[in-house]
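Order of the sequence lines fixes the chain letters, A, B, ..., with proteins taken first and strands second; residue numbering starts at 1 for each chain.
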There are 2 protein chains.
Amino acid sequence: MPQDDDSPQMTLEDVAALVGVSRTTVSNVVNGTGRVSKDTASKIGAVLQSTGFTVNASARTLRRKSSQLISVLVPIYQDADSFPKENPFYWDFFSGLQGVTHSGGYQILLQRMNPTDEFVPVIRARNLDGVVVVGAYESLAPVPHLLASKIPAIFVDSYLPSLSAHTVNVDDQFGAYLATRYLLGLGHRNIVFVSEPLLEHGVNNERWYGYCQALSENRLAGEPISIEAQTSLEAGRSLAHRLAYDRSKISAIVTAADILAIGLLRGFHECGVTVPQRMSVIGFDDIRHAQYTVPTLTTIRQDSFGKGEKTGQLLLRLIESHRTGHKLDVQHIQLTPTLVVRESTGPAPAIEA
Amino acid sequence: MPQDDDSPQMTLEDVAALVGVSRTTVSNVVNGTGRVSKDTASKIGAVLQSTGFTVNASARTLRRKSSQLISVLVPIYQDADSFPKENPFYWDFFSGLQGVTHSGGYQILLQRMNPTDEFVPVIRARNLDGVVVVGAYESLAPVPHLLASKIPAIFVDSYLPSLSAHTVNVDDQFGAYLATRYLLGLGHRNIVFVSEPLLEHGVNNERWYGYCQALSENRLAGEPISIEAQTSLEAGRSLAHRLAYDRSKISAIVTAADILAIGLLRGFHECGVTVPQRMSVIGFDDIRHAQYTVPTLTTIRQDSFGKGEKTGQLLLRLIESHRTGHKLDVQHIQLTPTLVVRESTGPAPAIEA
DNA sequence: TTGTACGCGTTATCAC
DNA sequence: GTGATAACGCGTACAA
């Protein structure tokens with residue numbers, strides 16, 4: 001037992017008094033500077049142990065101007081039309097990130113924020129060492145300020161016009177390309193693409209390009225068609241109803257998210273449209289549930305945990321180079337997604353209207 | 001524009017110099033103590049604005065011994081057998097919590113932790129004002145230390161032998177009771193209960209009691225039967241296979257979690273066991289996906305967002321009373337779940353083996 | 001109403 | 001090796 005659990009927190013001064021040395025020496029032991037004799041060091045070490053001493057982070061931060069704290073910022077787009085209502089906040093991603101940063105001695109402040117909230121002030125106020133912004137779009141007003149502030153920052157799953165931002169993304173274009181090419185290979189000719197509205201610098205735009213590229217490589221393919229839908233289970237479901245009612249020639253759907261695809265699966269089931277016999281559906285992300293739907297979901301898999309780890313590693317490098325003053329070139333990490341074939345895709349129906 | 005984005009952070013001293021007053025006066029304005037003349041106050045206010053001044057949190061924390069920071073601790077049970085592999089970390093819960101605490105001026109440190117990690121030291125080190133522990137079990141060694149430390153703490157979805165812990169839970173017993181009673185009303189007689197191993201003070205134990213209670217109220221009901229399975233999609237799926245193979249008389253299943261139930265749904269589908277015709281399945285939580293499975297999932301709904309809000313409110317009260325020295329009675333908040341009937345439950349098969 | 005002065009706990013500098 | 005001493009930025013009791 002290190003100490004009584006409600007005993008007051010010890011300070012360097014306290015420990016110094018106990019051992020009979022100066023607080024400077026104790027500090028040197030705590031920080032392992034090495035300029036303490038082995039003898040006194042061990043004596044101090046023992047007291048450190050028995051008293052359960054912990055350095056006061058605020059005092060240290062005040063001196064060092066570094067808090068060993070980073071922040072994950074998740075914008076909350078209240079505007080119903082502009083962002084996933086069902087923000088899943090991937091725990092896997094966070095886990096990967098946290099694991100890496102924890103090893104580096106950092107803790108994480110998780111913040112939801114309105115798109116209009118300035119974040120530079122809070123970063124400054126708390127002396128945060130770095131920031132990870134998830135899902136930012138150019139419409140986010142505070143982003144330019146963050147960029148200008150020179151605070152180590154990484155934008156994940158974000159698409160920004162600025163080239164000076166460090167980013168971590170999956171190769172969205174390639175992912176959508178994979179999905180579409182696979183469907184074309186199955187004989188589908190009338191394939192639609194479903195996503196949120198195509199913002200100029202959005203994720204969906206990248207996926208749309210990938211989709212278009214695949215189509216353009218195939219002479220028999222129809223025109224690219226984009227359908228807008230929110231990234232939500234319910235949006236998928238209602239879209240399925242609409243499509244079923246339309247009785248269009250569509251035989252396959254490329255979606256921008258698994259939850260959208262899962263909603264579609266459910267919607268088609270309700271309408272008696274069999275998947276994959278009459279309609280093929282392909283998702284994006286490979287969330288866990290994708291393996292347990294009926295039918296199971298063919299999808300584009302991305303490694304969220306690994307993405308978190310990569311983000312953490314890059315952030316640590318950024319912080320380090322910020323500390324030493326060595327500017328780091330702008331980093332753009334792009335992870336390659338893979339196609340996972342399951343049951344929701346199949347050959348194009350023999351007779352297409 | 002408040003300031004140049006990479007201008008150095010202002011201090012009270014700087015602002016004071018700019019206005020031509022002492023930093024005490026500026027501090028008084030910043031903290032709204034009221035003992036400043038309207039005249040100078042507005043003059044200072046203007047400079048505060050234009051310079052984009054933010055108080056240095058570390059310095060303030062050092063003085064006040066309060067960081068305006070709280071921590072959410074999520075234990076990670078590595079041990080495969082003892083806890084959900086697929087910890088969903090409910091974003092809804094976090095959102096509710098964050099909304100409330102944010103209004104109170106707090107920010108949140110989110111920490112995953114091994115069950116053996118001591119958390120009191122980090123709490124002390126950062127002068128955290130309060131803690132929320134999610135899913136703690138008695139086996140968590142550091143819990144007693146936390147309790148003894150008198151740090152404002154709330155245990156959510158946790159079952160601890162200690163009566164001195166403030167807790168927020170759903171009424172698990174009642175939830176399982178509701179589920180079981182509903183199935184009995186549908187004519188089922190052979191109903192099993194599926195959950196993780198029944199720890200003495202665990203959530204599952206509560207649910208097990210509720211299940212047993214419902215059975216005991218019905219003369220025709222069979223003996224209570226408990227089946228162990230991890231809380232994961234895959235565990236549900238493989239259990240379904242086992243049950244299908246066994247060809248037992250079981251006609252209904254009460255599960256301790258939606259993801260388990262969803263796994264069951266998938267597994268039964270694979271085995272050709274129709275739900276609900278041959279088997280009824282009922283979940284617990286009402287996660288979003290529950291509405292989009294095939295068939296949709298009958299389940300016991302709990303309000304995660306509301307749970308987060310309640311937790312936040314209680315924590316703020318706790319912190320306040322801790323600050324003023326007024327001890328607060330131990331609080332046990334219990335939210336009442338409700339039954340949501342969907343498609344995965346139906347009348348008991350007419351002929352039971 | 002405003003200013004002075006001290007302390008919060010730590011670290012960095014510079015003597016000894 | 002070790003120890004004074006001065007910041008870091010802020011809040012507050014006390015004096016003016």
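Between A:Arg317 and A:Glu320 there is no salt bridge, since no side-chain nitrogen of the basic residue lies less than 4.0 Å from a carboxylate oxygen of the acidic one. Using a cutoff of 4.0 Å between basic side-chain nitrogens and carboxylate oxygens, B:Asp129 and B:Arg323 are not scored as salt-bridged.
Backbone-only engagement by A:Val55 is indicated by non-hydrogen atom pairs under 4.0 Å involving sugar-phosphate atoms exclusively. A:Leu12 comes within 4.0 angstrom of a base, heavy atoms only. Nucleic acid contact class of B:Arg63 (heavy atoms, under 4.0 Å, all strands): base.
Rounded to whole Å, the distance from CD on B:Gln9 to C1' on D:dC10 is 13 Å. The CD1 atom of A:Ile44 sits 12 Å away from the C1' atom of D:dG3 (whole-angstrom rounding). When the P atom of C:dG9 is taken as reference, atom CZ of B:Arg124 falls 13 Å away, rounded to whole Å. For the pair A:Leu62 CG and D:dG11 P, the computed distance is 12 Å after rounding to whole Å. Residue A:Asn56 contributes atom CG, which lies 13 Å from atom C1' of C:dG7 at whole-angstrom precision. One interatomic measurement links the two molecules: NZ of B:Lys43 to C1' of C:dT1, which rounds to 13 Å at whole-angstrom precision. For the pair B:Arg60 CZ and D:dT12 C1', the interatomic distance rounds to 13 Å; values are reported in whole Å. Atoms CG (B:Asp14) and C1' (D:dA7) sit 15 Å apart, rounded to a whole Å.
Side-chain nitrogen and oxygen atoms of A:Lys65 include at least one within less than 4.0 Å of the OP1 or OP2 phosphate oxygen of D:dG9. Proximity of A:Arg64 to the phosphate of C:dT11: a side-chain N or O atom is located under 4.0 Å from OP1 or OP2. Look at B:Ser27 and you won't find any side-chain N or O under 4.0 angstrom from OP1 or OP2 of D:dC10.
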Set out, in order, the CA-CA distance, both residues' side-chain angles and the distance that settles side chain to side chain contact (heavy atoms under 4.5 Å, CB included) for A:Ser71 and A:Ile123, then state yes or no. CA-CA 8 Å; A:Ser71 176; A:Ile123 296 173; 5.7 Å; no
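Between B:Ser158 and B:Gly135, the shortest heavy-atom distance links the atoms OG-N, 3.3 Å.
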Write down the protein N/O and nucleotide N/O pairs, taken from nucleotides 2-4 of chain C, whose separation is under 3.5 Å; answer none if there are no such pairs.
from  : atom 1 : to      : atom 2 : distance (Å)
C:dT2 : OP1    : B:Ser37 : OG     : 3.3
C:dT2 : OP1    : B:Thr40 : OG1    : 3.4
C:dT2 : OP2    : B:Ser37 : N      : 2.9
C:dT2 : OP2    : B:Ser37 : OG     : 3.3
C:dT2 : OP2    : B:Thr40 : OG1    : 2.8
C:dG3 : OP2    : B:Ser22 : N      : 2.9
C:dG3 : OP2    : B:Ser22 : OG     : 3.3
C:dG3 : OP2    : B:Thr25 : OG1    : 2.9
C:dT4 : O4     : B:Thr24 : OG1    : 2.8

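Test B:Asp92, B:Asp157, B:Asn169 against B:Lys307 for side-chain hydrogen bond (donor to acceptor under 3.5 Å, both in side chains) and you get one pass: B:Asp157.
Side-chain contact annotation: A:Arg60 with A:Gln68, donor-acceptor N/O pair under 3.5 Å absent. Remark: the A:Ser27 side chain and the A:Thr24 side chain contain no N/O donor-acceptor pair separated by less than 3.5 Å.
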